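One structure below.
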Amino acid sequence: MAGFSVQRYAPERSAWGKLTARDSVVRKLDWPLLGSAIALSFIGSLLVYSATRGRDSLTHGDPYYFLFRHALNTGIGFALMVGTIWLGHRTLRGAVPILYGLSVLLVLAVLTPLGATVNGAHAWIIIGGGFSLQPSEFTKITIILVMAMLLAERVDAGDQLHPDHRTVAKALGLAAVPMAVVMGMPDLGSVMVMVVIVLGVLLASGASNRWIAGLLGAGVAGAIAIWQLGLLDEYQIARFAAFANPALDPAGVGYNTNQARIAIGSGGLSGTGLFHGTQTTGQFVPEQQTDFVFTVAGEELGFLGAGLILVLLGVVLWRACRIARETSELYGTIVAAGIIAWFAFQAFENIGMTLGIMPVAGLPLPFVSYGGSSMFAVWVAVGLLQSIRVQRPISA
């Protein structure tokens with residue numbers, strides 16, 4: 001994995017040792033991206049509080065339990081973003097092998113007695129004190145970084161115009177290792193996101209279209225094989241059955257999606273008012289602070305409030321696309337593209353399952369849903385995007 005140097009971004013300084021205005025990191029930050037991410041996390045804190053303040057069985061009698069933890073997770077995530085910007089994506093490029101190895105060890109640890117099962121997926125490590133870790137969230141980042149490092153290495157060095165077939169095969173092989181472990185948990189939702197990430201990374205790298213077509217074909221064949229061989233758990237099969245037939249067992253496997261659509265539909269244009277949703281206060285929608293947090297927005301903030309979330313997510317994706325387009329190094333372009341694919345698909349799947357247009361997959365809504373691992377991962381991703389923007393060459 002030689003062929004690149006480890007660099008840390010060091011802005012040019014004036015004679016007085018202060019950052020010049022031209023090279024100030026603060027001035028170079030993508031503020032629409034940062035502002036939209038902060039706004040989404042703030043809206044998420046209100047929705048999480050509304051969804052949990054009356055659920056004593058979850059909050060142990062403290063209505064602010066999830067609100068405090070959501071704010072804490074956001075604060076830690078923000079700090080991780082700052083640290084990522086300070087280190088820089090180029091410095092992290094040199095540490096990718098270590099980060100990849102750690103992420104594989106973490107997902108493997110889930111399969112040991114350290115792992116715990118939540119909502120049917122054996123995908124967690126219980127830390128203690130009410131905190132837990134979902135390693136698959138961080139694996140999304142390391143898959144992006146390790147594939148970007150391999151696919152861009154010789155291109156950025158000027159040795160190639162596009163990654164060759166051998167390099168693509170190596171990158172796919174490294175991505176397949178953690179994906180296979182996550183599939184064995186089973187955490188089908190995370191695997192779906194990782195597959196989309198891999199496709200996004202390959203498209204951005206300029207790899208041959210034959211790889212894209214081959215992967216799509218392999219994905220279809222693999223899905224059919226998994227279904228025919230009965231490798232899915234019963235609850236996963238039930239979710240797909242409920243998606244195919246919403247009227248199937250409305251009090252059982254179809255309960256979540258039916259209640260979610262009732263909640264969103266009752267919000268109308270402007271909603272019932274924050275903290276005044278009957279579906280939310282009546283606790284009819286399960287997992288409303290995590291996977292189904294969008295139903296709180298649909299019911300209590302209505303079409304306008306839910307639309308605002310979509311707009312903010314759109315701004316995040318728009319700015320990420322601009323960063324990917326404007327960077328002059330393929331490594332930065334690939335990293336940004338992987339993050340775009342991740343955020344776009346995960347948001348679409350999360351919102352889609354609440355509307356009944358996608359199967360329930362247990363994926364959080366980026367920046368909005370409660371969950372430390374997810375919050376940390378998405379803010380690290382924002383840090384990577386900001387680093388790519390900050391470290392891009394300045395045109396004369």
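Values below: every heavy atom of this structure, side chains too, minus hydrogens, waters and symmetry copies. Because the structure is predicted, anything quoted here is derived from the model rather than measured.
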Can you spot which of [options] makes a side chain to side chain contact (heavy atoms under 4.5 Å, CB included) with [X]?
X    : options                : result
R389 : I85, L29, I323         : I323
M375 : N73, V368, L72         : N73
V181 : L106, V104, T139, L111 : L111

Atom pair [atom1] ([X]) and [atom2] ([Y]), whose distance is rounded to the nearest 0.5 Å:
X    : Y    : atom1 : atom2 : answer
F294 : I264 : CZ    : CD1   : 6.0 Å
T52  : Y64  : OG1   : OH    : 11.0 Å
H70  : S45  : NE2   : OG    : 5.5 Å
W342 : F345 : CH2   : CZ    : 14.0 Å
L301 : L47  : CG    : CG    : 6.0 Å
M183 : M192 : CE    : CE    : 10.5 Å

Verify whether one side chain among [X] and [Y] offers a donor that lies under 3.5 Å from an acceptor in the other.
X    : Y    : answer
H89  : E329 : yes
S369 : Q289 : no
Q288 : T295 : yes

Which heavy atom in [X] sits nearest to a heavy atom in [Y], and how many Å separate them?
X    : Y    : value
S50  : T280 : O-CG2, 3.6 Å
I125 : A109 : CD1-CB, 4.0 Å
G338 : V201 : CA-CG2, 3.9 Å
P163 : S205 : CD-O, 3.2 Å
Q134 : F138 : O-CD1, 4.0 Å
R55  : V285 : NH2-O, 3.1 Å

Mind checking whether [X] and [Y] have side chains closer than 4.5 Å, heavy atoms only?
X    : Y    : answer
L99  : I141 : no
D30  : Q386 : yes
T278 : E299 : yes
L87  : T84  : no
V110 : P135 : yes
V316 : L312 : no
F292 : P286 : no
L40  : L365 : no

Look only at the side chain of [X] and the backbone of [Y], and say whether a donor-acceptor pair between them is shorter than 3.5 Å.
X    : Y    : value
S41  : I38  : no
E349 : L363 : no
D291 : E287 : no
H276 : L274 : yes
S190 : D187 : no
W31  : V26  : yes
S387 : G383 : no
Y100 : L174 : yes
S374 : G371 : no
E300 : G277 : yes

* **Residue F275 excluded, over 12 heavy atoms near CZ under 6.0 Å** => yes
- [ ] For atom CD1 of I98, decide whether the heavy atoms of other residues, nucleotides or ligands shown that lie under 6.0 angstrom number more than 12.
- [x] no
- prompt: Going through the distances and angles, do L313 and I351 end up as a side chain to side chain contact (heavy atoms under 4.5 Å, CB included)?
  reply: CA-CA 12 Å; L313 287 169; I351 295 173; 4.2 Å; yes
Q: I would like to know whether V198 and M179 meet side chain to side chain contact (heavy atoms under 4.5 Å, CB included); could you show each step before the answer?
A: CA-CA 11 Å; V198 169; M179 289 172 62; 4.1 Å; yes
Same hydrophobic cluster for [X] and [Y], using side-chain heavy-atom links shorter than 4.5 Å among ILVMFWY?
X    : Y    : answer
V311 : F303 : no
V191 : L216 : yes
W379 : W86  : yes
L102 : I143 : no
L385 : W318 : no

Next item on the list: Determine, step by step, whether R53 and T281 satisfy the side chain to side chain contact (heavy atoms under 4.5 Å, CB included) criterion, reporting the C-alpha distance in whole Å, the side-chain angles of both residues, the deciding distance to 0.1 Å, and the verdict.
Entry: CA-CA 9 Å; R53 63 194 180 96; T281 56; 4.2 Å; yes
| request: Could you label the plane-to-plane angle of the F66 and Y370 rings as parallel, tilted or perpendicular, counting under 30° as parallel and over 60° as perpendicular? | output: perpendicular
The complete set of salt bridge (charged side-chain N to carboxylate O under 4.0 Å, His left out) pairs with one or both residues in residues 132-151, sequence neighbours excluded, reads E137-K140
Looking at D164 and R154, is there a salt bridge between them, counting it only when a charged N and a carboxylate O are closer than 4.0 Å?
yes
- Could you walk me through whether T272 and Q279 pass side chain to side chain contact (heavy atoms under 4.5 Å, CB included), step by step? CA-CA 10 Å; T272 59; Q279 289 289 110; over 6 Å; no
- prompt: Can the ring centroids of F376 and F78 be said to lie less than 6.0 angstrom from one another?
  reply: no
By salt bridge (Lys or Arg N to Asp or Glu O under 4.0 Å), D62 pairs with (sequence neighbours left out) none
Cluster membership besides L105, Ile/Leu/Val/Met/Phe/Trp/Tyr side chains within less than 4.5 angstrom, sorted by chain and number, is none
Next item on the list: Determine, for Y331 and R93, whether the Lys NZ or Arg CZ falls below 6.0 Å from the six-membered ring centre while staying within 45 degrees of the axis.
Entry: yes
